[in-house]
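So you know, we letter chains A, B, ... as the sequences are listed, proteins then strands, and number each from 1.
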Amino acid sequence: MARGRGRWLLPTRLLNVCLAALCRGGSLAAAESVLVDAIRLGLPPDVVTYNTLLAAHCRAAGLEAGLAVMGRMREAGVEPDAVTYNSLIAGAARRGLPIHALDLFDEMLRAGIAPDSWSYNPLMHCLFRSGHPEDAYRVFADMAEKGIAPCDTTYNTLLDGMFRAGYAMNAYRMFRYLQRAGLPVSIVTYNTMINGLCSSGKVGYARMVLRELGRTDHAPNIITYTAVMKCCFKYGRFEQGLDTFLSLLDRGYISDVYPYCTVISALVKKGRLGEANNYCDLMLQNGSRLDSVCYNTLIHMRCQEGKLDDAFELVSMMEDGGLESDEYTFAILVNGLCKMGHIEAAEKQLFYMEIKGMQSNVVAYNCLVDALCKFQEVDAAIRLLQCMKLKDDFTYTSLVHGLCRVGRYHMASKFLRICLREGNNVLASAKRAVIAGLRSSGFKNDLRKVRSVKPKRNKIKHHGKLQTSPLVGERYRLSMCTKPPLTGVCLALDFVGKIDWV
DNA sequence: TTAGGGTTAG
């Protein structure tokens with residue numbers, strides 16, 4: 001090209017600004033045609049041009065689309081940089097693909113590109129969310145060993161991950177440490193804490209953190225209020241939760257679907273279906289794009305109304321709109337079908353779920369186990385339980401109650417002992433039913449065995465997902481931390497390091 | 001470019 005570099009410097013920057021604006025506005029096709037025009041005019045796109053497009057494609061269409069842009073940039077002689085890989089790792093993380101994210105991270109290291117905290121943050125986030133906290137911790141340790149300073153997002157991701165992995169008090173102690181050490185604590189940190197503490201049942205601590213937030217300069221936002229509402233609904237302060245929602249609505253603070261879904265699902269749970277429908281209409285009038293969580297909420301509402309045809313129509317609408325049914329959708333449908341007595345149709349849904357290879361199907365299975373027990377088909381429930389890869393407290397509570405209901409106390413006590421030995425538990429009412437049944441039918445031996453069984457320490461389960469083998473380790477270059485070099489990190493690592501990883 | 005809030009079962 002005859003044109004000198006200096007002459008094109010400004011136009012390339014302008015091209016990038018223009019592309020970024022188009023991508024932000026969701027006009028990807030327009031951005032692509034601007035790029036075609038620019039190349040035709042002899043204007044050279046640079047790494048920023050491609051990174052802008054790559055991030056937008058990744059967000060809109062997923063990782064594959066992002067990788068295609070990386071292919072195009074290489075063909076054009078533009079080499080990817082840290083930003084390219086960070087966007088791809090984030091793309092993989094958003095889609096819940098930890099192996100892909102780790103592969104990209106590894107590829108980045110092999111290419112000699114130095115990762116920064118934006119390479120690590122989505123990787124950690126994705127590993128925590130996909131039920132691999134021990135790997136997320138290794139990633140954090142690796143970051144510390146390489147001397148990369150964590151940013152506020154790193155700490156927030158770590159806190160959120162610790163809550164998800166079941167280590168609420170470690171997260172709480174780390175939050176206090178961040179405050180003492182003068183490390184970044186923002187409204188995001190407060191929201192993570194309030195939400196995590198509420199979800200793990202530490203309502204008193206949550207209230208304390210909320211009061212503290214009121215004394216700081218950080219302004220609570222819609223995320224804070226949604227977390228508070230959810231906590232009210234969960235812990236018996238229904239009207240207070242609803243009042244919070246209504247006052248936010250009055251003041252015009254509700255601009256997205258999150259608070260709507262929270263309140264609709266709470267109303268459905270209470271059986272207040274009329275009000276749930278009203279807020280559903282408001283949410284639709286609001287004009288926000290419905291995502292899969294919104295659809296799941298609406299499908300659940302239709303199922304609870306007994307309108308299964310409408311529920312399935314919503315599933316079709318959702319899929320036609322390019323959204324996929326997830327494990328929630330299936331669990332909701334299986335539950336809805338069971339409640340209406342359509343056991344065979346529910347079994348069919350479970351079968352689809354298996355074919356789709358969905359990781360977490362324990363809730364859907366539990367719904368069917370419970371329904372079979374309620375219809376006094378306990379032998380079928382036992383057969384189903386034997387097919388389940390993962391069983392939890394819900395599974396055994398339904399079965400034990402079901403067996404007691406039909407007077408099979410010996411069998412109920414057998415499953416209760418298996419359950420306790422596996423590190424699971426049942427509701428106190430199920431345990432009481434077994435003991436009362438054994439006593440009244442004179443099964444003294446079983447009674448003694450049930451009383452003497454020592455429950456195994458409960459394993460941490462990550463959102464009902466099966467624990468899989470570590471993803472980081474032999475296969476990847478990430479190494480365990482030996483001597484963390486940064487002061488702030490040392491102590492943060494200490495909080496995670498004390499966790500007894502299962 | 002990157003993080004935080006909303007959906008299911010006993």
Checklist line | Set of residues satisfying ring-ring contact (aromatic ring centres under 6.0 Å, His included) with respect to A:His401, sequence neighbours excluded | finding: none
List the atom pairs, with distances to 0.1 Å, where a side-chain N or O of residues 62-72 of chain A and a protein N or O form a donor-acceptor pair under 3.5 Å, not counting sequence neighbours.
from    : atom 1 : to      : atom 2 : distance (Å)
A:Arg72 : NH1    : A:Glu32 : OE2    : 3.0
A:Arg72 : NH2    : A:Glu32 : OE1    : 2.8
A:Arg72 : NH2    : A:Glu32 : OE2    : 3.4

Check: Listed by chain and number, what are the ring-ring contact (aromatic ring centres under 6.0 Å, His included) partners of A:Phe415, not counting sequence neighbours?
Finding: none
Next item on the list: Specify the residues of residues 338-346 of chain A, ordered by number, for which at least one heavy atom lies under 4.0 angstrom from an atom of DNA chain B.
Entry: A:Lys339
Notebook entry, point to check: What residues, two or more places apart in sequence or in another chain, satisfy side-chain contact (heavy atoms from CB on, under 4.5 Å) together with A:Val47?
Noted result: A:Asn51, A:Met73, A:Val78, A:Asp81, A:Thr84
Next item on the list: Applying ring-ring contact (aromatic ring centres under 6.0 Å, His included), name anything that partners A:Phe375, two or more places apart in sequence or on another chain.
Entry: none
Notebook entry, point to check: Between residues 218-230 of chain A and DNA chain B, which residues have a heavy-atom gap below 4.0 Å?
Noted result: A:Asn221, A:Ile222, A:Ile223, A:Lys230
Check: Within this structure, what is the CZ-to-C1' distance between A:Phe233 and B:dT7, rounded to whole angstrom?
Finding: 14 Å
Next item on the list: Measure from the side-chain heavy atoms of A:Pro259 and tell me the nearest of B:dA3, B:dG5, B:dA9.
Entry: B:dG5
Pairs under 3.5 angstrom only: tabulate donor-acceptor contacts from the side chains of residues 218-227 of chain A to other protein residues two or more places apart or in another chain.
from     : atom 1 : to       : atom 2 : distance (Å)
A:His218 : NE2    : A:Val185 : O      : 3.3
A:Asn221 : OD1    : A:Asn191 : ND2    : 3.1
A:Asn221 : OD1    : A:Ile223 : N      : 3.0
A:Asn221 : OD1    : A:Thr224 : N      : 3.1
A:Asn221 : OD1    : A:Thr224 : OG1    : 3.0
A:Thr224 : OG1    : A:Asn191 : OD1    : 2.8
A:Thr224 : OG1    : A:Asn221 : N      : 2.9
A:Thr224 : OG1    : A:Asn221 : O      : 3.3
A:Thr226 : OG1    : A:Ile222 : O      : 2.6

Checklist line | Contacts of type ring-ring contact (aromatic ring centres under 6.0 Å, His included), residue A:Tyr260, not counting sequence neighbours | finding: A:Phe245
Note to self: Nearest whole Å is fine: how far is B:dT1 P from A:Tyr50 OH?
What the structure shows: 18 Å
Next item on the list: Nearest whole angstrom, please: distance from the C1' of B:dG6 to the CG of A:Asp160.
Entry: 14 Å
